[in-house]
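Worth knowing before you read on, the calculation uses all heavy atoms, side chains too, and leaves out hydrogens, waters and symmetry mates. Numbered from 1 within each chain, the chains take letters A, B, ... in sequence-line order.
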Amino acid sequence: MSPEAVREKAPKVKDDLYKIRHSLAHVLAQAVLQMRPNAKLAFGPPIDNGFYYDFDFGDEEALGEEDLPEIQKRMRAILKENQQFEKRVLPVDEALEYLTGRGEVYKVEHCQRLKEAGNAEVSFYTNGPFDDLCEGPHVEKTRDLKPNIFKIDRTSGAYWLGDSSRPSLTRIYGVAFATKEELNDYLFWRAEAEKRDHRVVGKQMGLFSFHDEARGNPFYLPHGVAVKDALLDFWKRLHRMRGYVFIETPTILDRKLWETSGHWFNYRENMYTLQIDEEDCAVKPMNCPGGMLVYNESPKSFRELPLRVGELGHVHRHEMSGALDGLRRVRAFTQDDAHIFMTPEQITDEIVGVIDLADTIYSVFGLEYELCLSTKPEEKTIGSDEMWEKATDGLRGALDRWGKPYEVDEGAGAFYGPKIDFMLRDALNRKHQCGTIQLDMALPERFDLTYIGPDNASHRAVMVHRALYGSIDRFLGILIEHFAGAFPVWLAPIQARVLPITDELNDYAQEVATKLLEAGFRVDLNTKSDKINRKIRDAAPMHIPYLLVVGKREAEEGKVAPRLRGNEQLDPLSVEDLIERMRPENDPFHGTTPRWFPPKID
RNA sequence: GCUGCUGUAGCUCAGUGGUAGAGCGCAUCCUUGGUAAGGAUGAGGUCAAGGGUUCAAAUCCCUUCAGCAGCUCCA
């Protein structure tokens, strides 16, 4: 791939919609200042779907949700005034003086930064009584902003400059589009998306739960375990085909190990520690150190490499309470982890292989993803700069060979190495990191991982940490939203439910269910003395792919009358024929397995 | 962790100082029916927890806990 395909983070295109959203942000600030004249302005940029503005209300009462209609009303009044947006340019020192005089502390700070960056002049935009340090551009006049293309949406907190050690601001969000229709479409879509929130669907389908007694730790209910098992069976099968072996390592390990790995000093605030027999120990937040011990159990020959060692490890991390978010962000989760040990020459082939494996997995679910390369963090890292450079080049080389576009996130790597992340989106289009491939040249050093080369000398091994679902828990959350609970047959917690029309048919229904269970399907039956209408309606929240209605006619002929999810009606067929029909659907690859050719070792 | 909002029955939610409510679900009974709401009766709540104000608190105040939207962080 050419370097041009790399999408570095670039400023957004300043098109008409950008101008509309940006101008509305100014109008928002103007309206807010009418209500709180002493509010200090921070930033107010356009964003996806709209805009926001950050305010510091100081000692005054902050504006909240209940004030949003009033803000919106005032904004519409401002639009009617048809204020002109006018740009003027001031020498930076004059601007500083002006802003200082107005007491706009945040603007002063920003202006100062602009000055330090070498700007001799800065621009201001004025509309009506409102004047703001601003790069622009804007629309010409407030009449260009139709009153029905925006909605003041919600408030939240934010930090000045996104830094948790700096002041907390009140952020007011608006959504805005070029036309009323687009706004309404967006609001409709968003309302629909909220209905498939995995926390709502998960409760409705009996997949998982949370309790105050274990904050941030999911409880998996029988239906949730069924889906997880299906995910993990698929994962193991695919990984076995790709030459992986599997291990399991302990949950609690000694402090010495975590000191060797660097976690004790670089990851301490996220670790649960405890004392056992007066020794410091930690509950594992990652599986890698245990994996290192296993690698070192015996000397390795280059002929054994690459060695791909998988582990479905349950890890605990003490996340900040405010970061917890359903299954997307928990304090204990299962990683579909693997560590690949190899020679430096094998890096590119091996990483391309992992990307390909991830791509295979995501495509089975129909998930789109974005690739992101994360480089060395500024602090709390282990390993030399040279190692980081080599490792980063290795990942970049693999990405270039893979040939799809990727973003670069400077400084976002793990403390032991750079990484490639696979970003998936939830129902509300929010991005979540799932798969990750982390190249590590530091831990092999610390744990002295070696192999004997063809020259009969000892060489330093290179390793990759990788997870493709990432966290099974988070991935499940995203899948729930992706499918809105209507999982494909192979994932569905209940694949078929038998619905007898009258109580006399319960025995036959039981017989049908048993046959399906024996054929390996997840089946239940509803023998309540309800009407068939009621039984069908009651089944709806479970999104069961096959509802099998059995009445007198079916019982006499040894058949079932399937009603598919989506309400399609099939002609009655025998249980054996039904099983034949369902069997391929119970396989992620629908009975065909994609061939994969391992990269050759030179 | 920070800012803002919220916490009433299994679920969704009404209830702003004066004897805890609705719909759905659940249980029992009637009904035994052919593809998305048949009928009757009934059980279920220390109104998140603790403290305070008051003759009186689900309601007002404080603290804590938890959830939600973001910020920050990350699988």
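- Within the nucleic acid shown, A:Gln569 comes within 4.0 Å of at least one base atom, counting heavy atoms only.
- Every ring pair (Phe, Tyr, Trp, His ring centres under 6.0 Å) that A:Phe341 has, sequence neighbours left out, goes to A:Tyr295.
- You cannot call A:Tyr173 stacked on the base of B:rG70; the centres under 5.5 Å and planes under 30° rule is not satisfied.
- For A:Glu557, the CD atom sits in a packed shell: over 12 heavy atoms of surrounding residues, nucleotides or ligands are nearer than 6.0 Å.
- Centroid-to-centroid, the aromatic rings of A:His22 and A:Phe51 stay 6.0 Å apart or farther.
- A heavy-atom distance below 4.0 Å to RNA chain B is reached by these residues of residues 525-538 of chain A, ordered by number: A:Lys528, A:Ser529, A:Asp530, A:Lys531, A:Ile532, A:Asn533, A:Arg534, A:Ile536, A:Arg537.
- A:Glu554 comes within contact range of at least one nucleobase, with a heavy-atom separation under 4.0 Å.
- Counting non-hydrogen atoms under 4.0 angstrom, A:Val330 reaches a base of the nucleic acid.
- Base contact: A:Ala561 has a heavy atom under 4.0 Å from a base atom.
- Looking at residues two or more places apart in sequence or on another chain, you find a side chain to side chain contact (heavy atoms under 4.5 Å, CB included) between A:Ala358 and A:Tyr362, A:Phe422, A:Leu468.
- For A:Val549, the listed nucleotide lying nearest its side chain is B:rG34; candidates were B:rA75, B:rG34, B:rA36.
- The backbone N or O of A:Cys372 lies less than 3.5 Å from no partner atom in the side chain of A:Glu407, so there is not a single donor-acceptor pair.
- Here the side chain of A:Arg563 is nearest to one of B:rU35, B:rA75, B:rG34, namely B:rU35.
- Using a 4.0 Å heavy-atom criterion, one finds that A:Lys431 contacts no nucleic acid atom at all.
- In this structure, A:Arg171 does not reach the B:rG70 phosphate: none of its side-chain N or O atoms is under 4.0 Å from OP1 or OP2.
- Listed pair A:Arg199 / B:rC68 meets the phosphate criterion, a side-chain N or O lying under 4.0 Å from OP1 or OP2.
- With sequence neighbours left out, the ring pair (Phe, Tyr, Trp, His ring centres under 6.0 Å) criterion links A:Phe415 to A:His263.
- Phosphate contact (OP1/OP2 of B:rA75, side-chain N/O of A:Gln433, threshold under 4.0 Å): present.
- Across the strands present, B:rC65 finds its partner in B:rG7; the criterion is a Watson-Crick or G-U wobble pair with both atom distances under 3.5 angstrom.
- Both A:Met320 and A:Gly470 lie near RNA chain B, and the one whose nearest nucleotide falls closer to the 5' end is A:Met320.
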Taking N or O atoms only and anything under 3.5 Å, show me the protein contacts with nucleotides 2-8 of chain B, one pair per line.
residue	atom	partner	partner atom	Å
B:rC2	O4'	A:Tyr159	OH	3.3
B:rC2	O2'	A:Ser168	OG	2.5
B:rC2	N1	A:Tyr159	OH	3.3
B:rC2	O2	A:Tyr159	OH	3.2
B:rU3	O4'	A:Ser168	OG	3.3
B:rU3	O2	A:Gly157	N	2.8

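- For A:Tyr173, the ring pair (Phe, Tyr, Trp, His ring centres under 6.0 Å) test picks out A:Tyr52, with sequence neighbours left out.
- With hydrogens and angles left out, the side chain of A:Arg317 and the base of B:rC74 share no donor-acceptor pair within 3.5 Å.
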